[in-house]
Amino acid sequence: MSVLVLCERRSDGIDEPSLQALAFARALYPGTSVHALACGVAADEVAPLLGAYGVETLHVAEHEVFDTYAPHAVARAAVELAGRLRLHALLAGGSEQGNEVVARVGALLDLPFAANCVAAEAGPPLRVTRVRWGGSLLEEALLHAELALLTVAPHAVAAQETNDGPAAVERFAPALDDADLLVRVRERARAAGGGVTLADAKVVVSAGRGAGSAEGFAPVEELAALLGGAVGCSRAVTMAGWRPHTDQVGQTGTKIAPELYIACGISGATQHMAGCKGAKRILAINTDPDAPILESADYAVIGDLHDVVPAIAAAIRAARNEKAGAE
Amino acid sequence: MRILVAVKRVPMTGGTIVLTPDARAIATQHLGFTISPHEECAVEEAVRLVEREGGESVVLTLGPPEAEEQLRDAMAVGIDRAIHLVTDEEEWDGQATAGAIVEAVRAEEASSGPFDLLLFGNESADAGGYQVGVRVAHALGLPCVTGLKGIEVRGRLVRCEQEVPGGRDVFEVPLPALLTVKEGLNLPRYPSVPGRMRARQRPIARHEPQRPPARLEKLRFVVPEGERKEAEILGRGPEAAPKVVELLDQLGLLR
Ligand SMILES: Cc1cc2nc3c(=O)[nH]c(=O)nc-3n(C[C@H](O)[C@H](O)[C@H](O)COP(=O)(O)OP(=O)(O)OC[C@H]3O[C@@H](n4cnc5c(N)ncnc54)[C@H](O)[C@@H]3O)c2cc1C
């Protein structure tokens, strides 16, 4: 018996969630041979990398459709390969792509699928713990299937090198029909670079309903600019049309991981906090000393953001001038 | 165009999630409910498409009797009619949900003609299974594109945009198709008072599908132990600014 991990390619190799899924698979079935499927990759580049993460055999699916992202074709290739291997489980990283492709495998094979697992115990039936509500709730469940399909929630486990040699490579051309080729990226529109993105910013300054209006964001923007950070907001703000949805932090917005998250006039609903679990430190600025956010914040200032935020901006300027003067 | 939108009723959990004593559900006695945010955008998109292209929009949910509230909400912003797959309070897994929806769509298409577009949320806010739309598409033999933040119908083709780091990936598939969408696709409108009144008159077809045994069988929920922190209060009002600057300096963020 063996396990198969679907590995998503990235410009410089294989994406992190896939490497995490490999570590998860090896821990779940110790000693089992680990197969990986990668579509449209340069085998000689990827085989050493995946070998180092414990893959015995790398299966490379070859077809011109894999020059781009084609999730249904990937699922077809996975199903074809799964038919040839004797598998306990088929896994992928809990990225958007991983979840989509394994869902398609589940549909093709009519098997249940557990998305975003953080832990599992071999069965049968396989017992999994998976995340719900964007990470605010865990579910323990049994997966009743001969072949377990699951994805691994991002950062549930760390990628783990084994320092084995390169994986053996087996190439195959999956049988794909027109319907399998239909869903593929036709065009990649890339935004003009520049500016700090919310997901990567070292500092994020957000405001919520407490901002009161679109104009209420002026001091928030100023503070973010002073700190070289990005502006974020809560869903209350996007629903009011004060900021675009691309600024929304949370379960249905962007997940952030800054050194410091400054949350102004945000109550701290679970769905908002689901987006800032990666923040190292949180500073809440809120008129309400009992706001729930104070239970997940490291620091707080109790007060009106319209007074506090400009005062912080002014104090930063003053401190910087003083430093410049001293030098 | 004929458009079907599938939505799910979910609780608005607020600051903390509290479980029932058996830990098999969220205690919702004191909570309001809403349509899951991704699907709220699906509803809005369906209403806009029908406003522009003509046709009919139908909202479908699988859920307890109380989920009628969400069907009325969808009709209050312009959906024409509703299908309610009424369940007991037990939660259905993704496979069972998809199976019941497939049967309902087939029956609906047999009586009222085929849908051009089926819109689903990419994942429900509560269960986060990432699979119902994909399964329904496969069973109905439809192309499926997931996680969309842009949809543009051009004749019998639909251009679909996914947000990816650094930009957008564009897909194009022929209709009929099933698309799963995400919040940010559009800004949903609020229902008007006349809209709410009209929604009360609009028809809901009810069916009671049989729940098959769960193949992803929920045992219980656990609320993850967040590190409950006690925030250090740096001060009150603008006078706290120097303390904040001190903190920024400590963190090396002042340079
Ligand atoms: C399924 C689902 C998914 C969701 N996804 C998200 C998501 O991705 N992101 C998200 O943010 N939300 C999400 N929400 C919504 C979430 O539940 C909350 O409703 C939302 O986060 C509240 O936004 P808020 O904190 O800005 O507003 P409120 O909860 O109204 O809080 C406003 C806060 O501002 C404080 N305040 C008011 N005036 C001032 C002032 N002048 N100065 C300082 N403080 C002030 C108040 O004390 C209060 O704490 C989701 C909800 C559901 C049901």
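The analysis underlying the following values was restricted to heavy atoms, covering all of them including side chains, and did not include hydrogens, waters or symmetry mates.
- Of the two parts of A/Ala114, the backbone and the side chain both hold a non-hydrogen atom closer than 4.5 Å to a non-hydrogen atom of chain B.
- Ion pairing of B/Lys218 with A/Glu139 is absent here, as no side-chain N (NZ or NE/NH1/NH2) approaches a carboxylate O to less than 4.0 Å.
- Both the backbone and the side chain of A/Arg104 come within contact range of chain B, each with at least one heavy atom under 4.5 Å from a heavy atom of that chain.
- Between A/Asp298 and A/Arg281 no salt bridge is recorded (no basic side-chain N to carboxylate O distance below 4.0 Å).
- Neither the backbone nor the side chain of A/Leu305 comes within contact range of chain B, judged by heavy atoms closer than 4.5 Å.
- Residue A/Met239 touches chain B through both its backbone and its side chain, counting heavy-atom pairs closer than 4.5 Å.
- Both the backbone and the side chain of A/Asp110 come within contact range of chain B, with heavy atoms under 4.5 Å apart.
- Within the 4.5 angstrom heavy-atom criterion, no atom of A/Thr287 approaches chain B.
- For A/Val203, the part sitting under 4.5 Å from any heavy atom of chain B is the side chain, from C-beta outward, and nothing else.
- For B/Val136, no part lies under 4.5 angstrom from a heavy atom of chain A.
- Both the backbone and the side chain of B/Val222 come within less than 4.5 Å of a heavy atom in chain A.
- Looking at B/Leu248, only its side chain comes within 4.5 Å of chain A, counting heavy atoms on both sides.
- Salt-bridge annotation for B/Arg159 and B/Glu161: present, with a side-chain N of the basic residue lying under 4.0 Å from a carboxylate O of the acidic one.
- Looking at A/Pro112, the atoms closer than 4.5 Å to chain B (heavy atoms on both sides) sit in the backbone and in the side chain alike.
- For A/Ile285, no part lies near chain B; criterion is any non-hydrogen pair under 4.5 Å.
- No part of A/Pro310 comes within reach of chain B, as not one of its non-hydrogen atoms sits under 4.5 angstrom from that chain.
- Contact of A/Lys277 with chain B is not made at all, since no heavy-atom distance falls under 4.5 Å.
- In B/Glu103, the CD atom is not crowded: 12 or fewer heavy atoms of neighbouring residues, nucleotides or ligands sit closer than 6.0 Å.
- Of the two parts of A/His144, the backbone and the side chain both hold a non-hydrogen atom closer than 4.5 Å to a non-hydrogen atom of chain B.
- At a 4.5 Å heavy-atom cutoff, the contact between A/Asn116 and chain B is made by side-chain atoms alone.
- With a 4.5 Å cut-off on non-hydrogen atoms, A/Thr270 touches chain B through its backbone and its side chain both.
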